[in-house]
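Please read the structure below before turning to the comments.
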Amino acid sequence: MREHPIRIYDTMTRRKRQFKPLNPPEVTMYVCGPTVYGEPHIGNLRTFTSGDLIRRWLTRRGYRVIYVMNITDIEDKTIRDSGAAGKTLREFTDHYTGVFLRGLDLLQIGRATAHPRATAYVPQMVEFISGLVEGGFAYEAEDGVYFDIDRFPGYGRLSGVDLSKTERTERVASDSYDKEDAQDFALWKKATPEELSRGIFFESPWGKGRPGWHIECSVMSRELLGETIDIHAGGEDLVFPHHENEVAQSESLTGKQFVRFWLHMRFLKVGGRRMGKSLGNYVSFDQILEKHSPEALRYFYISTQYRRPLDFTWQAMEAAENTVRRLGNTLDLVDDALRGPDDNLDYGEREDGLLKSVRAGEEAFGAAMDDDFDTPVALGHLHAVAGAINEYITGPANKGALAEAARVYRGMLGALGLFEERRGPDEAADRVMAAVLGLRDDLRKAKNYAFADMIRDRLTEAGVTIQDTAGGAAWRMSKG
RNA sequence: GCCGGGUUGGCUGAGCGGUUUAGGCGGCCGCCUGCAGAGCGGCUACACGGGGGUUCGAAUCCCUCGCCCGGCUCCA
């Protein structure tokens, strides 16, 4: 296999650097996952699609990626909203965790090697915090345990935030927490009366309470991936303070570099502004699915590089839908041609031209992806390959050459997470069968059983079995 | 106020000093087709926020002004 140096933009050093994992071919990658307190919107999903894309490409380049994405199931909002909904915290977060995972599946975002929930790692967090307190990096106060940022000289390096120049916003300056410096952050929060009454607390050396937000990623990352990990990614808003705080905690405790490459995905915008629940301008995943395929959304995401802002419009979604349909048509045309007549068994100029175009496209596609996952450029080469195949198929096809071209094309699509094997029911088949079964049902109601049975028999011959149930007829493929 | 990102044709999106300046979507015209669809071929958009400068030559480098967005607070 040839060398494929991958270059990745690292937030810490503010430049692209050649990617080298600590223990090749293994790559440890951690992506900050969602807080499960509501429906995911398409802004969240952009980040996770980018993470998936990066993982796919590293895998394709021969790395063995161990991929962790946490689920934050205990923090202010999950506690507040579960209470408002009259549910236990666990019921509430389990529900939205399920909603989130379903979204990943629909978008063909591969499940992480592990999706650890914060509540499952509290003992390890307590241990971690204890270590920080013993080391003098953290102190106990009236309402919790805080990290003392004065004890970490590198604080601010990741985000470029110089705290001495930071304007004290009203909220920070006037906050009511009992900490020594307004910039110190909570590692452990002592339980409030409401939390005590609802049973939302864990035992600790500092009494009943719960972990702060930042600590979970440091702890679960260390537990599952080790003290130094290769890649840590997340939305751009997490750079400060979340990731800055993680660095401070982790490196204070271990004395080792926490993360080798920091990746941050830019926000999805709508109408030029950040999409956010509080702004009331967010578009949910379900709203997209009412009008568009998950494939189209995925294409829309990758039409821009992950580090550039992306503006959502319905017009852009339609454009993505059209484009993705054409890419899919090529797949159908290939299938048709491979099932068609064998009227070309030769390797001539057309075949040579096809394979040369396809291979050049594959090469250029890979070079673009190696360059900080530059999907818009890669898509240009994908279209070149699709075009070469479409053009070739206008004439008689040499199935060997075509199959080779199609293999490359499918490989490119797979790298982008497009047109993989579908899970669940095939929508097209479903619609056809709904029409056929509707017709048969009409016949049965008219007591024309002979014809209805004939339909059933014919479908059986075709490998589709029919079962009448109280809720209507069901169908399934009985053989491959 | 401090820090960061952006500003290219109807929309999107490459380009990072100079060959014909991608690609996609849309639109238009052909071919193919019983019709439709799919596909193919061609055309359309020669645009680079404003103003200076460097250079034989700038969307690309420098200066300056403007506008948009994000972070500095829970947030993908």
Side-chain angles (χ1 to χ4, degrees), chain A residues 11 14 31-35 37-38 40-51 69 72 75-78 80 100 156 159-175 182-183 185-186 212-214 233-242 244 264-279 282 299-300 302-311 313-330 332-333 336-337 361 364 368 374-387 389-395:
Chain A
T11 306
R14 279 153 231 276
V31 176
C32 281
T35 300
Y37 72 107
H41 67 235
I42 59 175
N44 302 313
L45 262 13
R46 181 195 187 190
T47 296
F48 303 129
T49 301
S50 298
M69 181 192 291
T72 300
E75 53 74 78
D76 294 345
K77 286 190 295 284
T78 56
R80 180 195 69 200
F100 174 70
S159 57
V161 170
D162 180 348
L163 291 179
S164 64
K165 283 187 183 167
T166 300
E167 185 177 285
R168 289 291 167 85
T169 61
E170 238 176 76
R171 182 160 163 189
V172 171
S174 66
D175 74 24
Q183 302 287 353
F185 58 91
W213 176 44
H214 310 298
E236 61 171 321
D237 55 328
L238 299 183
V239 178
F240 187 89
H242 186 55
E244 195 71 71
H264 291 97
M265 293 82 161
R266 285 220 150 236
F267 274 133
L268 181 70
K269 299 188 299 174
V270 58
R273 303 196 144 267
R274 169 180 175 168
M275 180 178 294
K277 288 191 178 179
S278 54
L279 295 170
Y282 71 93
Y299 188 93
F300 168 69
I302 63 178
S303 64
T304 296
Q305 203 243 4
Y306 76 92
R307 229 154 30 74
R308 303 199 130 224
L310 174 60
D311 203 354
T313 61
W314 287 104
Q315 187 189 2
M317 273 307 301
E318 279 164 34
E321 188 79 74
N322 290 340
T323 304
V324 116
R325 191 192 316 122
R326 294 203 59 211
L327 292 173
N329 287 341
T330 295
D332 291 338
L333 288 171
D336 292 345
D374 197 347
T375 46
V377 172
L379 287 174
H381 301 299
L382 175 73
H383 282 110
V385 169
I389 291 172
N390 288 342
E391 190 188 348
Y392 180 72
I393 291 177
T394 60

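Labels below follow one simple rule: chain letters A, B, ... track the order of the sequence lines, proteins then strands, and each chain is numbered from 1. Heavy-atom basis, side chains included; hydrogens, waters and symmetry copies ignored.
Within the 3.5 Å criterion, the main-chain N or O of A/E318 finds no donor-acceptor partner in the side chain of A/Q315. Distance alone, capped at 3.5 Å, places no donor-acceptor pair between the A/R266 side chain and the A/Q305 backbone.
For B/C74, there is no paired base (Watson-Crick or G-U wobble, both distances below 3.5 Å). For B/U19, there is no paired nucleotide, since no Watson-Crick or G-U wobble pair has both relevant distances below 3.5 Å. Under the Watson-Crick and G-U wobble criteria, each requiring two contacts below 3.5 Å, nucleotide B/A59 is left unpaired. Across all strands shown, B/G41 forms a Watson-Crick or G-U wobble pair with B/C29, both key distances being under 3.5 Å.
At whole-Å resolution of the value, CZ in A/R266 and C1' in B/G6 are 8 Å apart. Rounded to an integer number of Å, the gap from CE of A/M265 to P of B/G70 is 20 Å.
Backbone-only engagement by A/R308 is indicated by non-hydrogen atom pairs under 4.0 Å involving sugar-phosphate atoms exclusively. Nucleic acid contact class of A/T35 (heavy atoms, under 4.0 Å, all strands): sugar-phosphate only. Among the heavy atoms of the strands lying under 4.0 Å from A/K77 is at least one base atom, whether or not backbone atoms are also near. Residue contacts shown for A/G234 are limited to sugar-phosphate atoms, with no base heavy atom under 4.0 Å away. Within 4.0 Å of A/H264, counting heavy atoms only, lies no atom of the nucleic acid at all. At a threshold of 4.0 angstrom between heavy atoms, the contacts of A/R46 with the nucleic acid are absent. Within 4.0 Å (heavy atoms only), A/T330 reaches no atom of the nucleic acid at all. Within 4.0 Å of A/F240, counting heavy atoms only, lie sugar-phosphate atoms of the nucleic acid but no base atom.
Here A/R274 reaches the OP1 or OP2 of B/G71: one of its side-chain N or O atoms lies under 4.0 Å away. Residue A/R273 places at least one side-chain N or O closer than 4.0 Å to OP1 or OP2 of B/C69. Distances shown here put every side-chain N or O of A/N322 at or beyond 4.0 Å from the OP1 or OP2 atom of B/C25. Not one side-chain nitrogen or oxygen of A/T394 sits closer than 4.0 Å to the OP1 or OP2 atom of B/C32. In terms of phosphate contacts, A/R326 brings a side-chain nitrogen or oxygen within less than 4.0 Å of OP1 or OP2 of B/C40.
Heavy-atom distances to RNA chain B give each of A/N390 and A/P309 a nearest nucleotide, and the one nearer the 5′ end belongs to A/P309.
When the C1' atom is compared between B/C40 and B/G4, the two are found 47 Å apart, to the nearest whole Å. Taking the C1' atom of each, B/C74 and B/G27 are spaced 47 Å apart, rounded to whole Å. Rounded to whole Å, the separation between the P atoms of B/C16 and B/C62 comes to 15 Å. Taking atom P on both B/C63 and B/C3, the two are 16 Å apart, rounded to the nearest angstrom.
Ring planes of A/Y282 and A/H41: tilted class, angle from 30 to 60°. Taking the six-membered ring where tryptophan is involved, the planes of A/H214 and A/H242 are tilted, since the angle between them lies from 30° to 60°.
At a threshold of 4.5 Å between non-hydrogen side-chain atoms, the residues A/E236 and A/F267 count as touching.
Listed nucleotides: B/G13, B/G39, B/A76. Nearest to the side chain of A/L268: B/A76.
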